[in-house]
J.: 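Below is the structure I would like to discuss, written out as structure tokens.
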Amino acid sequence: MTNTLGKRMVACLLNVSEARRKDLVAKVAQAAITNSSGGWRVGTTVLNIFNDFDYNRSVITIVAGLDHIREAVLSACEQAYDLIDMSAHAGVHPCMGAVDLVPLYPLGEEVGLEDCAREAKALASELIQRVSGTSAFFFGWADTPQRRGLAQRRKEMGWFKKHPDMSVIQADVGPAPQKRYGLTGVGASPYVMNCNVTIGTQDLALGRRVAAALRESSPSGIPGVQVLALPHEGDVEIACNVEAIRGALPPSSGARGGESSWPSFNIGGEVYCHAPASLITARVTELAGRDGVATKGTALVGFTPVECRGLAERALSLGIGEFWKEQRKVHM
């Protein structure tokens, strides 16, 4: 049963704009795994909740079969919209929506990116019907036919601006974004990992130089890495979205001896891989060190796709929806 279920698995790393009231975030997670009768939504689990106080942002890792993921995520989003008011939000991380990001990632070999794209589009359409006043934009495979990446779509929407002008934003579905709910990004892509490296400085300009050099678009950058430098707990955090690269290790990866350590996984028989946290940390250490600044630590938000599937299979085989409460090993 576990193997069959694993073949159909989809993950959603739901990003909500609240972390300082952990009880509210837990209610959002609980909604994902609770059916209309108040019992466990069979075939659905929440593996992890990551809260960041300074960012005032949480990431909830929801996993379910392809046939169940939409309802689980919709229920969580409905709860988040009910509890989080974007007009009163404060935090140093950029965001535009109470539910800021809804990415769907295929985990099982019987689920493709096109399947996740269809679910993402259907999810967004249902969401604006269930919660009047909400709106969304698409990214990745759900953004047809362009398939624009998340970073590009966020830039187009003004997500990186401190005070984006909601009145000029044109959502893909729903009305013009409202202050209460903001704007939600909904999409599908190969699994994206998050790796945050703290450097021992309050010099944000230095952090931005490090981020610019690390970013994929830089000549010295790492493939698949999108980066922000943000003030965090009295230091600067180099916050990285680590996107999957199709194929084996890119030939111009700048891996410097780390070639064998790039985590890989499969989607529809195609191999994808991620830049390893060790490489990202080493590059940040090198770049910051040029200005005499040391790194202070690296945090991984969630899991690799292989870990995610393995833990979800374990949780569901044991009938555990609240897996985040069961973990004994700490996962950031």
Side-chain angles (χ1 to χ4, degrees), residues 8-15 59 62 66 69-70 73-74 77 94-97 99-128 134-160 164 169-174 177 183-194 215-218 221-228 240-250 252-253 262-275 302 304-305 308:
R8 301 278 293 168
M9 276 186 181
V10 177
C12 176
L13 270 64
L14 186 70
N15 285 232
V59 181
I62 305 167
L66 181 63
I69 192 69
R70 188 196 312 174
V73 175
L74 279 168
C77 289
C95 63
M96 293 183 77
V99 178
D100 200 53
L101 188 65
V102 185
L104 299 185
Y105 306 135
L107 291 180
E109 53 267 36
E110 292 183 2
V111 180
L113 288 161
E114 294 79 8
D115 297 316
C116 287
R118 283 193 295 271
E119 284 300 308
K121 292 177 80 71
L123 190 155
S125 296
E126 286 194 41
L127 195 56
I128 65 170
T134 59
S135 52
F137 68 89
F138 294 120
F139 66 90
W141 266 251
D143 175 44
T144 53
Q146 301 98 320
R147 291 186 180 174
R148 288 167 289 183
L150 177 60
Q152 180 181 348
R153 298 269 30 226
R154 280 174 162 173
K155 187 174 182 180
E156 292 168 354
M157 294 291 163
W159 185 87
F160 295 101
I169 294 171
Q170 187 170 358
D172 291 331
V173 291
L183 180 69
T184 300
V186 181
S189 74
Y191 198 99
V192 175
M193 296 177 61
N194 300 94
R215 196 170 289 129
E216 178 183 48
S217 57
S218 166
I222 299 175
V225 175
Q226 309 294 336
V227 198
L228 289 173
C240 304
N241 274 5
V242 187
E243 298 176 350
I245 303 299
R246 182 182 291 180
L249 174 69
S252 301
S253 63
W262 285 55
S264 63
F265 63 106
N266 285 270
I267 300 175
E270 286 197 75
V271 176
Y272 289 80
C273 65
H274 289 109
T304 69
C308 189

J.: Using the side-chain contact (heavy atoms from CB on, under 4.5 Å) criterion, which residues pair with Ile128? Sequence neighbours excluded.
T.: Thr134, Val173
J.: Roughly how far apart are Ser125 OG and Asp172 CG, rounded to 0.5 Å?
T.: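 Result: 10.5 Å between the selected atoms.
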J.: Decide yes or no for Pro190 and Arg246: does some side-chain heavy atom of the first lie under 4.5 Å from some side-chain heavy atom of the second?
T.: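 A side-chain contact under 4.5 Å is absent here.
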J.: Show the nearest heavy-atom pair for residues Ala11 and Cys308, with the distance to one decimal.
T.: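 Distance-wise, the nearest heavy atoms are CB-SG, 4.1 Å.
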J.: Which residues pass the side-chain contact (heavy atoms from CB on, under 4.5 Å) test with Asp115, sequence neighbours left out?
T.: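 Asp115 satisfies side-chain contact (heavy atoms from CB on, under 4.5 Å) with Leu66, Val111, Arg118 only.
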J.: Between atom CZ of Arg8 and atom CD of Glu110, what is the distance when rounded to the nearest 0.5 Å?
T.: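 The CZ atom of Arg8 sits 6.5 Å away from the CD atom of Glu110.
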J.: Roughly how far, to the nearest 0.5 Å, is the CG atom of Leu104 from the CG atom of Leu13?
T.: 10.0 Å
J.: Search all heavy atoms of Met157 against all heavy atoms of Met96 and return the closest pair with its distance.
T.: O-CE, 3.4 Å
J.: Which residues pass the side-chain hydrogen bond (donor to acceptor under 3.5 Å, both in side chains) test with Thr144, sequence neighbours left out?
T.: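 Scan of Thr144 (side-chain hydrogen bond (donor to acceptor under 3.5 Å, both in side chains), adjacent residues dropped) gives none.
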J.: For the residue pair Cys77 and Val102, what are the closest heavy atoms and their distance?
T.: SG-CG2, 4.1 Å
J.: Minimum heavy-atom separation for Pro94 to Trp159, with atom names?
T.: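 Closest approach of Pro94 to Trp159, heavy atoms only: O-CZ2, 3.1 Å.
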J.: Applying ring-ring contact (aromatic ring centres under 6.0 Å, His included), name anything that partners Phe139, two or more places apart in sequence or on another chain.
T.: none
J.: If I take atom OG from residue Ser135 and atom CD1 from residue Ile169, how far apart are they, to the nearest 0.5 angstrom?
T.: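 Output value for this atom pair is 8.5 Å.
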J.: Quick one: list whatever passes side-chain contact (heavy atoms from CB on, under 4.5 Å) with Arg148, sequence neighbours left out.
T.: Asp143, Gln146, Gln152, Arg153, Glu156
J.: Looking at every heavy atom in both Ile245 and Pro223, which two are closest together, and how far apart are they?
T.: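 Of all heavy-atom pairs spanning Ile245 and Pro223, the closest is CD1-C, 3.7 Å.
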J.: Not counting sequence neighbours, which residues clear side-chain contact (heavy atoms from CB on, under 4.5 Å) with Gln226? List them please.
T.: Ala151, Arg215, Glu216, Asn241, Glu243
J.: Does Cys273 reach the side chain of Pro263, with side-chain heavy atoms less than 4.5 Å apart?
T.: no
J.: Report the relative orientation of the aromatic rings in Tyr191 and Phe265; use parallel for angles under 30°, tilted for 30 to 60°, perpendicular for over 60°.
T.: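 Ring orientation of Tyr191 relative to Phe265: perpendicular.
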J.: Identify the heavy atoms of Gly158 and Pro164 that sit nearest to each other, and give their distance.
T.: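 Heavy atoms only, the tightest pair is O-CB, 3.4 Å.
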J.: Is the backbone of Gly97 close enough, under 3.5 Å, to the side chain of Thr184 for a donor and an acceptor to pair up by distance?
T.: no
J.: Once rounded to the nearest 0.5 Å, what's the spacing between atom OH of Tyr105 and atom OG of Ser189?
T.: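 That separation rounds to 5.0 Å.
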J.: What distance do Leu127 atom CG and Arg70 atom CZ have between them, rounded to the nearest 0.5 Å?
T.: 12.0 Å
J.: Below 4.5 Å, heavy atoms only, C-beta onward: do Val10 and Glu119 meet side chain to side chain?
T.: no
